[in-house]
Student: 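The structure under discussion is supplied below as structure tokens; questions concerning it will follow.
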Amino acid sequence: MIKGKAWMKRLRRDSSAEETNTSDDVIRGDIQLLRDFYANREGKIVDSLPVSGNTVQRENVLDVIIVGAGWSGISAAMTLQSKGITNFRILEARDYVGGRSRTIYETFDGEDIPIDIGSTWIHGGKDNPIYEIATIVGGIPTAESKFTELVYLENNGGPLLPENQTKPYLDKLFVNGFMSYQEKIQESKNKDESLQCTVDRYIDTLSNNLEKEVAINCIKNDVELEYSAPLDQLSLKWWDDDSNVGGDPDLFLPEGYSPLIEAYAAPILDKIVTEAIVTKIDYRQSIIKCMYSKLGCDSEFALKSKKIIVTVPLGVLKAESIKFVPQLPRRTRRSIQGLGMGRMNKIFMFWNEVFWPPDIELFSDVVQRDFNFQFFNPILRGGKPMLFAFFTGSEVEDIIENRAYFEQKVTATAMVSLRNMFGSDIKDPEKVIVTNWNNDEFSFGTYSFNKVRSSGKKAREQLAVPIRRKGLFLAGEACSSKYFQTTHGAYLSGISSAEKVVKSLSKDTN
């Protein structure tokens, strides 16, 4: 999934870190195209759109092929279209538009309930370019997330503190405590090491066991879950080397992310070929040959183009699911292997009655288990009566191949946590849905992170460098040095790659 980077609640609300507004000059092309498209329509698109078909009208040579119809692929296409380049196609392996921004609908108690199995928030609210898209297409409800929070003690000990005292206490341990401590270590260390080492040192500075337990819980929620990686894999020097996009409250999408990206993609739907799995890209010559297969078809198909933009997730590049001929340059391969791919997931749980505080958004307890959960209550922001939780843990990799056992184990552990917080008599959920992005062949994980001994920003900048006579371009959240892991990072990366393609095509013509 791509999160929209809304999860680091304490830092995002209070930090004086850099806030970067997106320049109108950068986004004018796709935004103007979108405005013109909806100005010429009688109504706004809010329902799910049919994705343009599974056949390609084959011109001899396309100007551009785009691989992937997530945020970066669609923004690249919109930018090309706005510049008058219309001879392109998008090849998407899935049967829908959106990639890791995906809303599914589950029937519960006679109602179809939208569930975002991937992206969840628009971080930075109205300062985020994704929000501008939502305002143009219309019909996309949003709600501000305040991230009110309670932390519960073990052994049914109830909340650590009342809600109005929880944030100041957690800030003392995390923002003023851990973050300040680790920043000093970052500055003093010449060699990189895992963030776990610094966490261990910080915990040792705390005076009592309760503070230590709460601090560990806080760090796991705001670092491991935020960055989708174990502490022992995160780089001390580069783990948080990202930027904010504005300072407005984060926005929750009660109806989900899919209606938003589907509406954004509407002007170029006829360019998208779904269930088209790219297997090989031959870029030895000035005319690039892209081979792909179709689900349910034994034949292999080919498209030719002058340029190609590859927007597949980092996990797909790491798995070498696409064969590049020649192989990608060594500097690019080193960047791909030097970055990590996150392994976090979500669980959605439905009941017929609400047993949790309806006016609190976030719940967790201080007990250390095989899985680390943080529960979110969507009722407060216009969502439906359920809880969902983000989780990661040491046992995920061991059991993820067995889907049934994976869901059973995750659900059982989540219920242990909920019963510790809200009482042993609460019933099992009526319905459970557990995501499995780690095993998804078109993502192999959630989003990228800066792992130990990576070069951080340099690795991401290197991924975005055009390859071989500026014929092959990579894009996506992993290519964003400022906004990696986010929908707006993927979106801006797609625009940037398309701008480079436009310039390259212009030079080739002259």
Student: So K346 and T120, do their side chains get closer than 4.5 Å, heavy atoms only?
Tutor: yes

Student: What's the spacing between I360 CD1 and I379 CD1 if we round to 0.5 Å?
Tutor: 12.5 Å

Student: Say whether D30 and Y491, considering side chains only, have a donor N or O and an acceptor N or O under 3.5 Å apart.
Tutor: yes

Student: Nearest 0.5 Å please: distance from the CZ atom of R100 over to the OG atom of S119.
Tutor: 8.0 Å

Student: Using 0.5 Å steps for rounding, measure from the OH atom of Y96 to the CD atom of E262.
Tutor: 10.5 Å

Student: Which value, rounded to the nearest 0.5 Å, describes the distance between C290 atom SG and I322 atom CD1?
Tutor: 7.5 Å

Student: With a 3.5 Å cut-off and no angle check, do the side chains of S448 and E477 form a donor-acceptor pair?
Tutor: yes

Student: Would you kindly check if the NZ (Lys) or CZ (Arg) of K271 is within the cone defined by 45 degrees around the ring axis of F88 and under 6.0 Å from the six-membered ring centre?
Tutor: yes

Student: Are I117 and W437 side-chain neighbours, meaning at least one heavy-atom pair lies under 4.5 Å?
Tutor: yes

Student: With a 4.5 Å limit on heavy-atom distance, are the side chains of V310 and V278 in contact?
Tutor: no

Student: State which residue, out of F390, W239, Y447, fulfils the ring pair (Phe, Tyr, Trp, His ring centres under 6.0 Å) condition with Y227.
Tutor: W239

Student: Measure from NZ or CZ of R460 to the centre of the six-membered ring of F484 and say whether it is under 6.0 Å with the direction within 45° of the ring axis.
Tutor: yes

Student: Would you mind checking if E144 and K146 are paired as a salt bridge, meaning a charged N to carboxylate O distance below 4.0 Å?
Tutor: yes

Student: Find the distance between CD (Q485) and OG (S228) and round it off to the nearest 0.5 Å.
Tutor: 7.0 Å

Student: Quick one, D440 and R94 - any side-chain contact, counting heavy atoms below 4.5 Å?
Tutor: yes

Student: With respect to Q186, which candidate in D192, T198, D240, D241 satisfies the side-chain hydrogen bond (donor to acceptor under 3.5 Å, both in side chains) definition?
Tutor: D240

Student: May I ask you to check whether over 12 heavy atoms, not counting those of R453, lie within 6.0 Å of atom CZ?
Tutor: no

Student: Nearest 0.5 Å please: distance from the CD1 atom of I467 over to the CG atom of L328.
Tutor: 5.0 Å

Student: Are any non-hydrogen side-chain atoms of Y202 and Q182 less than 4.5 angstrom apart?
Tutor: no

Student: Does any non-hydrogen side-chain atom of S493 lie less than 4.5 Å from one of W71?
Tutor: no

Student: Taking C-beta and beyond as the side chain, do F391 and N345 meet within less than 4.5 Å on heavy atoms?
Tutor: yes

